[in-house]
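Just so it is clear, the model here is predicted, and its values are computed rather than measured. Side chains are part of it too, since the values below use all heavy atoms of this structure and drop only hydrogens, waters and symmetry mates.
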Amino acid sequence: MSIKNLEFSTIAPPKVSRNAMNTKTRARSKFIAAVVNQIGAVEAAISGKSFVVTKMRRTTDEDGSHRQVSHDVQVRPWWFLQGDVFYLAPKYANQPLTLGANKSKPTVVCGKSLSDVAATLNTVKAAAEAGELDDVLEAQAITARKRMTKK
């Protein structure tokens with residue numbers, strides 16, 4: 001087979017950018033990924049193990065060349081124990097996220113065990129997948145983007 005046998009065209013490949021996905025879809029997928037990490041962290045805490053996520057980081061060597069290295073990051077739990085009850089404080093872009101209709105109540109009461117926290121996280125994940133949290137997540141994503149842009 002030779003290159004002479006190939007058929008060529010003038011059609012350019014589509015440009016893939018961050019804006020190829022709308023804000024609601026991107027925020028929903030990021031939030032669901034964070035909830036999945038939290039579920040993994042809860043399950044690890046129940047079994048008495050530690051939970052880390054491997055992320056990639058771009059570094060510069062002494063000679064100026066760039067390369068990507070992987071490193072382990074511990075997941076910060078969204079749940080906490082107050083008295084003898086576990087609470088869940090969901091976050092998006094490292095900011096608290098109010099899921100309910102009452103804006104003065106940012107935490108969710110889970111129960112008395114970590115398995116109740118896992119069940120609550122699964123409920124939140126199902127709600128996010130169904131699109132129930134799209135408006136809240138989109139508003140938080142827009143606020144976060146404004147916070148991170150240069151002025």
#### Entry: Side-chain ion pair, Lys24 and Asp135, N-O less than 4.0 Å
yes
### Query
Does a sphere of radius 6.0 Å around CD in Gln74 hold more than 12 heavy atoms from other residues, nucleotides or ligands, not counting ones at 6.0 Å or beyond?
no
### Message
With side-chain contact (heavy atoms from CB on, under 4.5 Å) as the criterion, how do Phe86 and Val108 come out once you've worked through the C-alpha distance, each side chain's angles and the decisive distance to 0.1 Å?
### Response
CA-CA 9 Å; Phe86 282 96; Val108 180; over 6 Å; no
### Message
Please report the interatomic distance NZ(Lys30) to OG1(Thr25), rounded to the nearest 0.5 Å.
### Response
13.5 Å
### Task
Treat each ILVMFWY residue as a node, draw an edge where side-chain heavy atoms are under 4.5 Å apart, and state whether Leu99 and Trp78 are in one component.
yes
### Message
Is there a side-chain contact between Val85 and Val109 in this structure, where contact means two heavy atoms from C-beta onward sitting under 4.5 Å apart?
### Response
yes
## Note on the structure
All heavy atoms of Ala45 vs all of Trp79, minimum pair found to be CB-CZ2, 4.3 Å
### Task
Write down the atom of Pro90, the atom of Pro106, and the distance for their closest heavy-atom approach.
CD-O, 4.0 Å
### Message
Has Gln38 got a side-chain atom pairing as donor or acceptor with Arg76's backbone, closer than 3.5 angstrom?
### Response
yes
### Query
When rounded to the nearest 0.5 angstrom, what distance separates CG in Leu88 from OG1 in Thr107?
8.5 Å
### Task
Answer whether the closest heavy-atom distance between the side chains of Thr54 and His71 falls below 4.5 Å.
no
### Query
So how far is it from Leu121 CG to Leu114 CG, rounded to the nearest 0.5 Å?
10.5 Å
### Check: Thr59 and His66 side chains under 4.5 Å, non-hydrogen atoms
no
### Query
Does any non-hydrogen side-chain atom of Gln140 lie less than 4.5 Å from one of Leu97?
yes
### Message
With rounding to the nearest 0.5 angstrom, report the NZ to CG distance, Lys112 to Asp116.
### Response
10.0 Å
### Query
Is there a side-chain contact between Phe80 and Val117, using heavy atoms and a 4.5 Å cut-off?
no
### Message
Do Arg147 and Gln95 have side chains that approach each other closer than 4.5 Å (heavy atoms only, starting at C-beta)?
### Response
yes
### Query
So, Asp63 side chain and Ser65 main chain: donor-acceptor pair closer than 3.5 Å or not?
yes
### Side chain proximity check, Val136 to Thr98, heavy atoms < 4.5 angstrom
no
### Verify same cluster id: Val73, Phe51 (apolar side-chain graph, 4.5 Å)
no
### Message
What I'd like to find out is whether the side chain of Lys125 reaches to under 4.5 Å of the side chain of Ile39, using heavy atoms alone.
### Response
yes
### Task
Give a yes or no answer on whether the side chain of Asp61 reaches the backbone of Gly64 with a donor-acceptor pair at less than 3.5 Å.
no
### Query
What class does the angle between the rings of Phe31 and Tyr92 fall in, given that below 30° is parallel, 30 to 60° is tilted and above 60° is perpendicular?
tilted
### Query
Looking at CZ of Arg57 and CD of Gln68, how far apart are the two atoms once the value is rounded to the nearest 0.5 Å?
11.5 Å
### Task
Can you measure from CD (Glu138) to OG1 (Thr23) and round to the nearest 0.5 angstrom?
5.5 Å
